[in-house]
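Data first, discussion second: the structure below is written as structure tokens.
These figures come from a predicted structure and were not determined experimentally. Along the sequence shown, the residues carry numbers beginning at 1.
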Amino acid sequence: MDEKEAQGPPTARIADPWYDAPTSGWGNTDGTGGRVPVAASASARRAETGPSAAEIYLEVQRSAAFREVRRRYRRFVVPASLAFFLWYLAYVVAATTAPELMARPVAGAVNVAMVAGLAQFLTTFLLTWAYARHARRRRDGAALELRWDTQEMTRGAGR
């Protein structure tokens with residue numbers, strides 16, 4: 001039997017700080033036999049450290065800068081989504097109510113329905129490009145500034 005076997009199985013050391021720190025107020029003594037005072041409540045700590053992160057985020061949500069970013073987003077997304085939905089609906093309605101129109105040849109075996117179906121894909125890509133361009137030019141700068149300000153306000157905030 002070698003030395004490692006004689007020592008027995010190794011004990012696992014869990015590197016979790018919660019195992020090292022006993023729960024506050026549960027039989028802790030201060031070394032003289034007296035009890036350790038229980039830590040301050042969360043509401044008392046919040047009063048000392050300022051507003052919580054949740055309160056800061058609610059304040060930011062109510063700010064004019066946040067409302068402006070949301071307004072710019074909605075001014076693009078709502079009309080674009082509505083236009084694309086109507087375009088898709090027109091394609092479906094035309095395919096079901098006017099099959100002779102959709103079957104009309106355009107070039108060789110390619111008919112109106114195939115051209116309209118491919119146009120659906122094309123408009124999807126164009127809409128994606130337009131959305132990315134709009135976001136980059138009209139919203140990203142304001143949103144990044146708002147995010148930076150929010151991070152600065154939450155730094156050190158009571159959580």
Side-chain angles (χ1 to χ4, degrees), residues 12-26 28 36-159:
R13 172 79 169 121
I14 299 174
D16 187 351
W18 293 106
Y19 281 103
D20 295 336
T23 305
S24 176
W26 286 57
N28 298 344
V36 174
V38 177
S41 68
S43 59
R45 284 192 306 264
R46 189 179 317 117
E48 296 170 2
T49 61
S52 70
E55 292 166 340
I56 291 171
Y57 280 107
L58 287 173
E59 177 185 332
V60 168
Q61 188 177 5
R62 290 184 213 109
S63 71
F66 183 82
R67 285 194 310 267
E68 178 64 21
V69 169
R70 294 296 296 172
R71 185 186 66 80
R72 290 178 184 179
Y73 171 77
R74 286 187 191 113
R75 282 188 63 186
F76 180 86
V77 169
V78 171
S81 298
L82 185 63
F84 187 79
F85 179 72
L86 290 175
W87 162 228
Y88 174 74
L89 193 62
Y91 173 74
V92 172
V93 168
T96 56
T97 61
E100 61 281 345
L101 170 69
M102 299 300 268
R104 184 171 295 156
V106 174
V110 178
N111 59 17
V112 173
M114 292 175 76
V115 171
L118 291 173
Q120 290 285 319
F121 285 103
L122 179 63
T123 55
T124 300
F125 293 122
L126 287 174
L127 187 59
T128 302
W129 169 80
Y131 175 80
R133 182 174 183 261
H134 177 268
R136 185 178 60 251
R137 298 176 98 202
R138 305 252 195 282
R139 289 193 332 265
D140 287 351
L144 186 60
E145 185 177 329
L146 188 61
R147 182 183 309 147
W148 181 263
D149 293 344
T150 304
Q151 291 298 318
E152 288 296 316
M153 287 190 289
T154 58
R155 184 170 298 181
R159 286 173 178 68

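Counting non-hydrogen atoms of neighbouring residues, nucleotides and ligands closer than 6.0 angstrom, the CD atom of Glu68 exceeds 12 such neighbours. Residue Arg139 qualifies as enclosed at atom CZ: its count of foreign heavy atoms under 6.0 Å is above 12. Atom CZ of Phe76 has more than 12 heavy atoms from other residues, nucleotides or ligands within 6.0 Å.
Summarising the geometry of Ala80 relative to Leu127, their closest heavy-atom pair is CB-CD1, 3.6 Å, with the distance given to 0.1 Å. A pairwise comparison of heavy atoms in Ala142 and Arg72 identifies CB-NH1, 3.9 Å as the closest pair. Nearest heavy-atom pair across Arg136 and Asp140 is CA-OD2, 3.4 Å.
Put simply, the side chain of Tyr131 does not reach to within 4.5 Å of the side chain of His134, judged on heavy atoms. A 4.5 Å side-chain heavy-atom check between Thr154 and Tyr57 finds at least one atom pair inside the cut-off. By the 4.5 Å heavy-atom criterion applied to side chains, Ser63 and Leu146 are counted as neighbours. Between Met102 and Tyr91 there is a side-chain heavy-atom pair separated by less than 4.5 Å.
Taken to the nearest 0.5 Å, the CZ atom of Arg133 stands 7.5 Å off from the CZ atom of Arg138. Between atom CG of residue Leu89 and atom CG of residue Leu82 there is a gap of 10.5 Å, rounded to the nearest 0.5 Å. Atoms OG1 and OH, on Thr124 and Tyr88 in that order, are 10.5 Å from each other to the nearest 0.5 Å. Note that CZ of Phe125 is 8.5 Å distant from CG of Leu122, once rounded to the nearest 0.5 Å.
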